[in-house]
Amino acid sequence: MDCADSDIDRSCEKIYQKITAKAKDLVKTAADISREYGIPIINQRITVTPISMLVSASGGDPIKYAKTLDRAAKAVHASFVGGYSALVQKGMTPGDRALIESIPQALAETDIVCSSVNIGSTKAGINMDAVKLMGQAVVKVAELTKDNQCFGASKLVVFCNAVEDNPFMAGGFHGVSEPDVVINVGVSGPGVVREAVKKAGKDASMDEIAEIIKKTAFKVTRMGQLVGREASRRLNVPFGIVDLSLAPTPAVGDSVARILEEIGLETCGGPGTTACLAMLNDAVKKGGVMASSSVGGLSGAFIPVSEDAGMIEAAEKGVLSIEKLEAMTAVCSVGLDMIIVPGDTTAETISAIIADEAAIGMINTKTTACRLIPAIGKNAGDHLVFGGLMGEGPVMPVGKTKADVMVNRGGRIPSPLNSLKN
């Protein structure tokens with residue numbers, strides 16, 4: 001917020017100076033800790049306060065902010081920078097709207113900038129005007145980056161009940177109630193959990209499996225807290241939270257789906273998947289809070305299709321569908337993540353899927369999100385290949401029935417009765 005200025009160019013210069021000063025030693029420190037303790041630290045990310053707030057102060061072309069973030073994050077060798085964001089769960093300021101409308105171009109013209117928009121919450125309901133805009137934004141950014149596997153859409157997340165201390169991309173932003181600078185650590189370890197479950201054998205009961213997962217999550221979280229505290233000390237920056245989300249990667253063995261299959265499913269997405277995922281998610285959280293009093297972020301199991309080898313295989317077999325993933329959302333972190341849909345999927349249909357996902361989060365008082373990637377020019381069964389952390393995946397079929405009238409009504413879905421907690 002101290003970078004806000006009525007002149008957008010001065011504001012951009014302040015942002016560049018702040019990021020390059022505060023984060024100049026982030027990557028080196030992470031590398032030092034990783035080497036000294038033998039703990040792999042894969043990515044170093046930076047998040048900033050939602051940029052729409054600065055747009056409201058400065059006016060001007062928001063794309064300037066995106067390019068500044070990209071330049072600054074590259075200068076300090078960060079993996080990604082998040083926070084090209086807006087919080088519009090109850091309504092939009094002119095700055096919010098300007099930023100949302102600029103997202104497709106911003107993501108198409110930058111490399112490591114990530115964007116997120118919070119369109120709903122349990123307290124506020126769902127802003128259907130924003131939902132409509134985000135459906136349009138998802139389609140447009142895919143079209144603008146169609147020559148690069150529609151990659152821009154993989155950097156855009158639409159949230160309900162977004163958290164302010166999420167260290168995972170593409171949805172991270174620095175919350176307005178956070179300190180000026182803070183270190184948050186995201187830990188993972190699906191491969192470790194799977195091996196622990198495998199060692200237990202097929203005769204262990206479900207409560208015994210839950211206990212094994214809990215103990216493994218405890219160890220992983222303690223490791224994450226060690227890294228966070230040490231980075232905090234070396235960088236002289238407050239330690240925030242450990243996010244103990246089980247985040248898969250395309251690497252062999254680093255799969256949440258494979259954990260579920262090790263528990264006893266033939267294929268992830270079949271009968272029993274939601275129950276196994278619920279147990280996994282709960283056990284991970286129990287182990288994490290036992291290990292640290294600073295657990296935060298999203299903290300659960302991620303199910304991003306293109307980033308998880310087991311999910312990719314299940315989707316290719318036709319066992320894992322978007323409808324099943326939506327059901328799984330009710331018991332895990334985030335939701336419809338890194339899902340590739342046919343290129344002719346309309347903006348209204350994308351908006352309707354976003355609204356469905358947001359409704360699960362709103363009613364269940366949890367964070368849900370959509371990261372949908374329209375594969376321009378491709379149909380169900382085709383593939384997109386992103387490479388690196390984003391992986392690859394099949395184009396998944398989407399129902400052909402329309403929800404255009406509902407989406408075009410606009411307005412707001414009111415907050416549910418369970419929002420009245422006081």
Side-chain angles (χ1 to χ4, degrees), residues 86 88 92 96-97 99-108 115-120 126-160 170-171 304-306 315 318 320-327 329 334-362 368-384 386 393-413:
V88 296
M92 286 180 279
D96 292 329
R97 184 177 283 273
L99 182 125
I100 289 172
E101 290 175 346
S102 75
I103 286 172
Q105 185 182 347
L107 296 185
S115 180
S116 59
V117 177
N118 193 67
I119 51 80
I126 300 172
N127 182 346
M128 290 301 294
D129 294 321
V131 168
K132 180 178 178 180
L133 286 176
M134 292 313 300
Q136 295 167 352
V138 168
V139 171
K140 188 172 181 182
V141 71
E143 290 173 342
L144 290 176
T145 56
K146 65 183 178 182
D147 294 335
N148 185 26
Q149 300 287 295
C150 306
F151 184 69
S154 72
K155 300 185 292 174
L156 174 59
V157 182
V158 188
F159 276 115
C160 178
V305 174
S306 79
L320 185 66
S321 66
I322 289 178
E323 291 77 16
K324 185 60 176 180
L325 285 162
E326 187 179 301
T329 295
V334 185
L336 297 180
D337 195 17
M338 288 300 288
I339 293 174
I340 306 167
V341 299
D344 61 358
T345 307
T346 66
E348 289 82 5
T349 296
I350 298 283
S351 292
I353 295 171
I354 290 170
D356 283 343
E357 187 71 0
I360 292 174
M362 175 183 71
T368 54
C370 282
R371 192 159 38 146
L372 303 174
I373 303 157
I376 305 302
K378 294 183 181 290
N379 302 308
D382 293 336
H383 267 70
L384 286 183
F386 308 113
V395 180
M396 300 179 70
V398 172
K400 294 296 185 183
T401 59
K402 295 182 178 181
D404 297 24
V405 173
M406 171 253 197
V407 169
N408 288 319
R409 286 183 187 277
R412 190 158 57 91
I413 294 178

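Counting from 1, the numbers follow the sequence of the chain as shown. Here the structure is a predicted model, which is why all the values come from computation and not from measurement.
With Asn118 contributing its side chain and Gly120 its backbone, the two residues share a donor-acceptor pair below 3.5 Å. In this structure, the side chain of Glu326 does not engage the main chain of Asp356 through any donor-acceptor pair within 3.5 Å.
For Asp96, the salt bridge (Lys or Arg N to Asp or Glu O under 4.0 Å) criterion is met by no residue, not counting sequence neighbours. With sequence neighbours left out, Arg97 forms a side-chain contact (heavy atoms from CB on, under 4.5 Å) with Met92, Glu101, Leu133. Here Lys378 pairs with nothing under the side chain to side chain donor-acceptor pair (under 3.5 Å) rule; sequence neighbours left out. The side chain to side chain donor-acceptor pair (under 3.5 Å) test applied to Gln149 returns no partner, not counting sequence neighbours. Remark: Ser154 engages Phe151, Met338, Ile373, Met390 in a side-chain contact (heavy atoms from CB on, under 4.5 Å) (not counting sequence neighbours). Qualifying side-chain contact (heavy atoms from CB on, under 4.5 Å) partners for Asn379, counting only residues two or more places apart in sequence or in other chains: Asp382. In this structure, the side chain to side chain donor-acceptor pair (under 3.5 Å) partners of Thr349, at least two apart in sequence or on a different chain, are Thr346. By the side chain to side chain donor-acceptor pair (under 3.5 Å) test, Ser306 is found to be paired with no residue, residues two or more places apart in sequence or in another chain being considered. By the side-chain contact (heavy atoms from CB on, under 4.5 Å) test, Leu144 pairs with Pro104, Ala108, Lys140, sequence neighbours left out.
Ile354 places a side-chain heavy atom less than 4.5 Å from the side chain of Ile350. Within the 4.5 Å cutoff, the side chain of Val117 has heavy atoms near those of the Val88 side chain. Val138 has its side chain within reach of Leu156: a pair of non-hydrogen atoms, C-beta onward, lies under 4.5 Å apart.
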When you look at Ile322 and Val398, which way does the side chain to side chain contact (heavy atoms under 4.5 Å, CB included) test go after all the steps?
CA-CA 7 Å; Ile322 289 178; Val398 172; 3.7 Å; yes
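The distance from the CG atom of Leu372 to the CG atom of Leu336 is 6.0 Å, given to the nearest 0.5 Å. One distance of note links CD1 of Ile340 with OG1 of Thr345; it measures 12.0 Å at 0.5 Å rounding.
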Please tabulate, for the side chains in residues 400-410, all donor-acceptor contacts under 3.5 angstrom to protein atoms that are two or more places apart in sequence or on a different chain.
residue: Asn408; atom: OD1; partner: Lys132; partner atom: NZ; Å: 3.1
residue: Asn408; atom: ND2; partner: Asp404; partner atom: O; Å: 3.0

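For residues 149-160, no residue pair satisfies the salt bridge (charged side-chain N to carboxylate O under 4.0 Å, His left out) rule, not counting sequence neighbours.
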